[in-house]
There are 2 protein chains.
Amino acid sequence: MTNNPPRRRATIHDVAKRAGVSITTVSHALNGKGVIADATRQRVVETAADLGYSPDAIARGLRSRRLGILGLVIRPLDTLGSYQPEGVDYFLRFAGAAAVEALDRGYGLALMRDPTVGNAPGIALAADGFIISDPVASDPVIELLTRNGIAVVAVGRDIERPEFSAWLGAGTHTNTDAVIQHFLERGATRIAIVTGEDNNSWNADSELTYRAWAAECGQAPLVYHQDEGLGEAGGRALAERMLASGEPLPDAIYCLTGRHAAGMQAGLQAAGYLIPDDIMIASGSDSEQTRNSAPPITSIDLAPEATAKAAVTFLVELLDGVPDADPGADPDSDGGGDPVPPEVDYRIRDRASTRSIG
Amino acid sequence: MTNNPPRRRATIHDVAKRAGVSITTVSHALNGKGVIADATRQRVVETAADLGYSPDAIARGLRSRRLGILGLVIRPLDTLGSYQPEGVDYFLRFAGAAAVEALDRGYGLALMRDPTVGNAPGIALAADGFIISDPVASDPVIELLTRNGIAVVAVGRDIERPEFSAWLGAGTHTNTDAVIQHFLERGATRIAIVTGEDNNSWNADSELTYRAWAAECGQAPLVYHQDEGLGEAGGRALAERMLASGEPLPDAIYCLTGRHAAGMQAGLQAAGYLIPDDIMIASGSDSEQTRNSAPPITSIDLAPEATAKAAVTFLVELLDGVPDADPGADPDSDGGGDPVPPEVDYRIRDRASTRSIG
DNA sequence: TCCGGCATGTAAAACGTTTTGGGTATTTTT
DNA sequence: AAAAATACCCAAAACGTTTTACATGCCGGA
């Protein structure tokens, strides 16, 4: 029906000419800026609508240094090299939720790869702000962006950049304690932990928390590391290594990744051990593998959607300024104006890979 | 260590001044455009590196009408209203893979919501091109974008816009035939289909293909529809409706969505039917639910990663022109230059919800 | 000595906005 | 009636590039 072949978009000049005013007036009328006669404003608005005019985001961005795009960099995917199944459960849910939240707040969300590779940051530096998921130690991406004056919010801290404070925790400390507690309540006496090898805070802080607990209660720490990219095979291989070592096995194993946990469980079962009777297993990240192993594996639900939403909220407040400018409204806030990272609730999904309590 | 507090990015002017040349020369030297003495070019390049200069993507975009961002709109998510679990398996894997592929080709990928809602297309019209996943009939998003001269590639056709040809099939016709064939080989005599209610080509063409088969072999078509958003509950409800209707049940049911299939299977089992002995079930979209039901459900692997990659490839070729400008290289290509949608391989995952062959 | 051509470089326009700093009527005040 | 205030509007600069079209100096050939 409307077979208009319009090749060219209407510009502010077209609107100005058609409405018989200057482009300044059009800009003001449309943005509610200057002081304009009501009749004029209305005429401009109508003309703009007639012409199907909408301001060019690029030109606007050039002038006002604000493109309306948030960047998202998922560091584990950079080191992994691709969006493997490993990432599907957590990271892609994270990305999807972040996109929706960004859109709700008037931004687009662009997935980007590490902008420091190659020497062309390219489009990356055009984004208004960035979310970096699971930064590595002294993350060069954070370095690049902050050096260029771009706002950055991280999910998980940069473990070697204490001065960088714009990050949200993923509850790592609390979650690790919760899992240990969970094991203890179910009669564990010898707890081990299996982390990944990426140099990020999830791995580091989980281990730290575990070691602190071990030191406190006098248990010799049983810490294992395994490449995240190896997935279930990696978990199975580690199980075999533990069996072959001849040392007494732990009676409870906390694997951070769901795939390590699933592989570990399968490996132990293959050697004749019963889960959870002989050994209990838990995972630090719920995923399809933990939900559908036999038995299903007790896991932390990292709540990717809630975390993503919190990260976007945090970043947008950093960019636009905290809307709540009412001083004294929040007696706990000292600065009053500086945004504070929102809290996210995690919970442990209690499944059959750990014994019933009692 | 490098505690440079640089607030402002270096511009092309800074480089020009430092290198003692004009900005034109800098631009040319860096883009390999004009004809410049080698010594000069080298000096400019070094100066630029010194200053950590990289061209501002926004300014470049304004001038050259090319931002370096691809937009992705997933229509079922728009109608669904959010990134629910339903979408996790397929759509988020799709988005992730599309992002990686776009990055490999020098673009960022921005997830966007339907840009026709609200009257502010905003950032959407700044993207260089768009991928629309599963457009609805006469999709207004395609209308908006093409009217503004923005390249669009769709995954799945717009069933009421035959003139729009820049789409990749998702193998719907072939896949439907494959499932029917699969059922027949396993002794099915009364096959039903359950589609969703979104007005897209996946639903429409699956039904069309099914009806064509039914007409040809003289079976009365058994077509059911159910809201995609209802998920497993919807599948279960439909099973109950079929049971309550008093009509003879089909002995094979093809549910497009994995969740409908899982719910349908559970609903029939609850009524005492055996899967696959009494009734076989298959799904048109592999997902966690189909993999992990009891029994696991035979499904089409829609290969979201491959499809996403193909869509990005197609779009980028549309934008940049097909690199292969060698005429006669491909004897099958008639036009020679116009990009052609790439092919994607789907396959059927044969599981226990359908009987063994023979 | 003059001219055409070549090699190298540059000034300025253009992209479509937002924003600054007036300018011109009209009205109000004295 | 002149000065001051008000209300409305606009020209031009600026954002950082790319690109067009031209300028300059030098050389060799007539």
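Below, read A as the first sequence line, B as the second, and so on, with proteins coming before strands; counting in each chain starts at 1. What you see is a predicted model; the values in this text were computed from it and never measured.
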Study note, to complete from the structure: What one should report as the nearest heavy-atom pair of B:Ala166 and B:Leu318 is CB-CD2, 4.5 Å

Review point. For B:Ser27, which contact category applies under a 4.0 Å heavy-atom criterion: base, sugar-phosphate, or nothing?
Key: base

Listed pairs, N/O of protein and of nucleotides 20-22 of chain D, under 3.5 Å:
none

Review point. Are a donor atom and an acceptor atom from the side chains of B:Thr24 and B:Ser27 found within less than 3.5 Å of each other?
Key: no

Point to revise | For B:Thr47 against B:Ala19, the heavy-atom pair lying closest together | key: OG1-CB, 3.7 Å

Review point. Can you name the nearest heavy-atom pair linking B:Asp56 to A:Arg65, along with the distance?
Key: OD2-NH2, 3.1 Å

Practice item. Taking atom types as modelled, find out whether A:Arg9 and A:Ser54 have a side-chain donor-acceptor pair closer than 3.5 angstrom. Key: yes

Exercise for review: Would you mind telling me which residue lines up with the more 5' stretch of DNA chain C, A:Asp56 or B:Ile23, judged by nearest nucleotide?
Suggested key: B:Ile23

**Study point:** Proximity to DNA chain C (any heavy atom under 4.0 Å), residues of residues 35-42 of chain B only
**Key:** B:Val35, B:Ile36, B:Ala37, B:Thr40

Practice item. Please name all residues satisfying side-chain hydrogen bond (donor to acceptor under 3.5 Å, both in side chains) with B:Arg60, sequence neighbours left out, ordered by chain then number. Key: none

Review point. Does B:Lys33 put a side-chain nitrogen or oxygen below 4.0 Å from OP1 or OP2 of D:dT18?
Key: no

Practice item. Not counting sequence neighbours, which residues clear side-chain contact (heavy atoms from CB on, under 4.5 Å) with B:Gln42? List them please. Key: B:Glu46

Review point. Along DNA chain C, 5' to 3', what are the outermost nucleotides having an atom less than 4.0 Å from a heavy atom of chain B?
Key: C:dT8 to C:dG16

Revision key, fill the gap. What one should report as the nearest heavy-atom pair of A:Ala127 and A:Ile150 is O-CG2, 4.0 Å

Which pairs would a plain distance check flag for residues 67-75 of chain B, meaning a side-chain donor or acceptor within less than 3.5 Å of a matching protein atom at least two apart in sequence or in another chain?
{"unit_1": "B:Arg75", "atom_1": "NE", "unit_2": "B:Asp139", "atom_2": "OD1", "d": "3.1"}
{"unit_1": "B:Arg75", "atom_1": "NE", "unit_2": "B:Asp139", "atom_2": "OD2", "d": "2.8"}
{"unit_1": "B:Arg75", "atom_1": "NH1", "unit_2": "B:Asp78", "atom_2": "OD2", "d": "3.0"}
{"unit_1": "B:Arg75", "atom_1": "NH2", "unit_2": "B:Asp139", "atom_2": "OD1", "d": "3.0"}

Review point. How do B:Leu62 and B:Thr25 order along DNA chain C: which one's closest nucleotide is nearer the 5' end?
Key: B:Thr25

Check your understanding: How many angstroms lie between CG in A:Leu125 and CD1 in B:Ile58, if you round to the nearest 0.5 Å?
Key -> 10.0 Å

Check your understanding: For A:Arg18 and A:Tyr53, does a side-chain donor sit closer than 3.5 Å to a side-chain acceptor?
Key -> no

Practice item. Let me know the distance between CZ of B:Arg66 and C1' of D:dT19, rounded to the nearest Å. Key: 16 Å

